[in-house]
Amino acid sequence: MHQVKLFKSVDTEMADMEYQINRWMRKSGARIISITGNIAGSPNTSGGPLSSFAASDLFVIVLYEIDAPQKPQ
């Protein structure tokens with residue numbers, strides 16, 4: 001049976017998100033079918049030439065498979 005797991009973070013915390021995804025995969029024992037990601041840039045709100053950019057949103061979708069529950073015989 002296919003399932004979906006969603007992860008959301010920001011680009012400044014990418015290493016933590018990667019750790020969370022890898023930890024979930026190890027603990028769940030899921031058979032991963034595909035991993036898709038998206039980064040949505042945030043506009044620079046301060047507007048100055050020396051200002052830093054706002055963090056961008058990261059979104060990762062993991063499509064995985066688990067065994068269907070077994071019916072008692």
Side-chain angles (χ1 to χ4, degrees):
M1 174 184 299
H2 289 180
Q3 301 285 312
V4 174
K5 177 76 173 168
L6 307 175
F7 295 90
K8 182 180 180 295
S9 188
V10 291
D11 63 350
T12 57
E13 299 173 2
M14 196 177 312
D16 184 53
M17 182 183 196
E18 183 178 305
Y19 174 80
Q20 289 177 19
I21 293 169
N22 288 328
R23 183 172 180 245
W24 172 80
M25 287 191 299
R26 281 191 307 273
K27 290 183 88 172
S28 71
R31 291 184 301 274
I32 306 303
I33 297 168
S34 71
I35 299 176
T36 306
N38 188 44
I39 185 167
S42 297
N44 185 350
T45 56
S46 61
L50 299 177
S51 62
S52 61
F53 292 100
S56 298
D57 290 331
L58 296 174
F59 188 67
V60 174
I61 303 167
V62 179
L63 179 63
Y64 66 100
E65 189 171 65
I66 58 172
D67 293 328
Q70 301 295 320
K71 294 182 181 180
Q73 296 181 0

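What's counted below: heavy atoms across the whole structure, side chains too, no hydrogens, waters or symmetry copies. Treat the numbers as computed from the prediction; the structure is a model and nothing was measured.
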Item to complete: Might you work through the side chain to side chain contact (heavy atoms under 4.5 Å, CB included) test for Tyr64 and Ile32, ending with a clear yes or no?
Response: CA-CA 4 Å; Tyr64 66 100; Ile32 306 303; 4.0 Å; yes
Worksheet item: Would Leu58 and Val60 satisfy side chain to side chain contact (heavy atoms under 4.5 Å, CB included), going step by step from the backbone distance to the final call?
Response: CA-CA 7 Å; Leu58 296 174; Val60 174; 5.5 Å; no
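With sequence neighbours excluded, the residues satisfying salt bridge (Lys or Arg N to Asp or Glu O under 4.0 Å) with Glu65 are Arg31.
Other residues, nucleotides and ligands contribute more than 12 heavy atoms inside 6.0 Å of the CZ atom of Phe59.
There is no path of hydrophobic side-chain contacts, each under 4.5 Å, that joins Met17 to Leu6. Cluster annotation: Phe7 and Ile35 are assigned to the same hydrophobic cluster (Ile/Leu/Val/Met/Phe/Trp/Tyr, side-chain heavy-atom contacts under 4.5 Å, transitive). Taken together through direct or relayed side-chain contacts under 4.5 Å among Ile, Leu, Val, Met, Phe, Trp and Tyr, Tyr19 and Ile21 form parts of separate hydrophobic clusters. Connection of Ile39 to Ile61 is not established within any shared hydrophobic cluster, with ILVMFWY side chains joined at heavy-atom distances below 4.5 Å, either directly or through further cluster members.
Rounding to the nearest 0.5 Å gives a distance of 14.0 Å between CG of Leu63 and NZ of Lys5. We find the CD-CD distance between Glu13 and Gln20 to be 8.5 Å, quoted to the nearest 0.5 Å.
For residues 14-30, no pair satisfies salt bridge (Lys or Arg N to Asp or Glu O under 4.0 Å), with sequence neighbours left out.
Using a distance-only test at 3.5 Å, with no hydrogens or angles considered, no donor-acceptor pair links the side chain of Asp57 to the main chain of Ala40.
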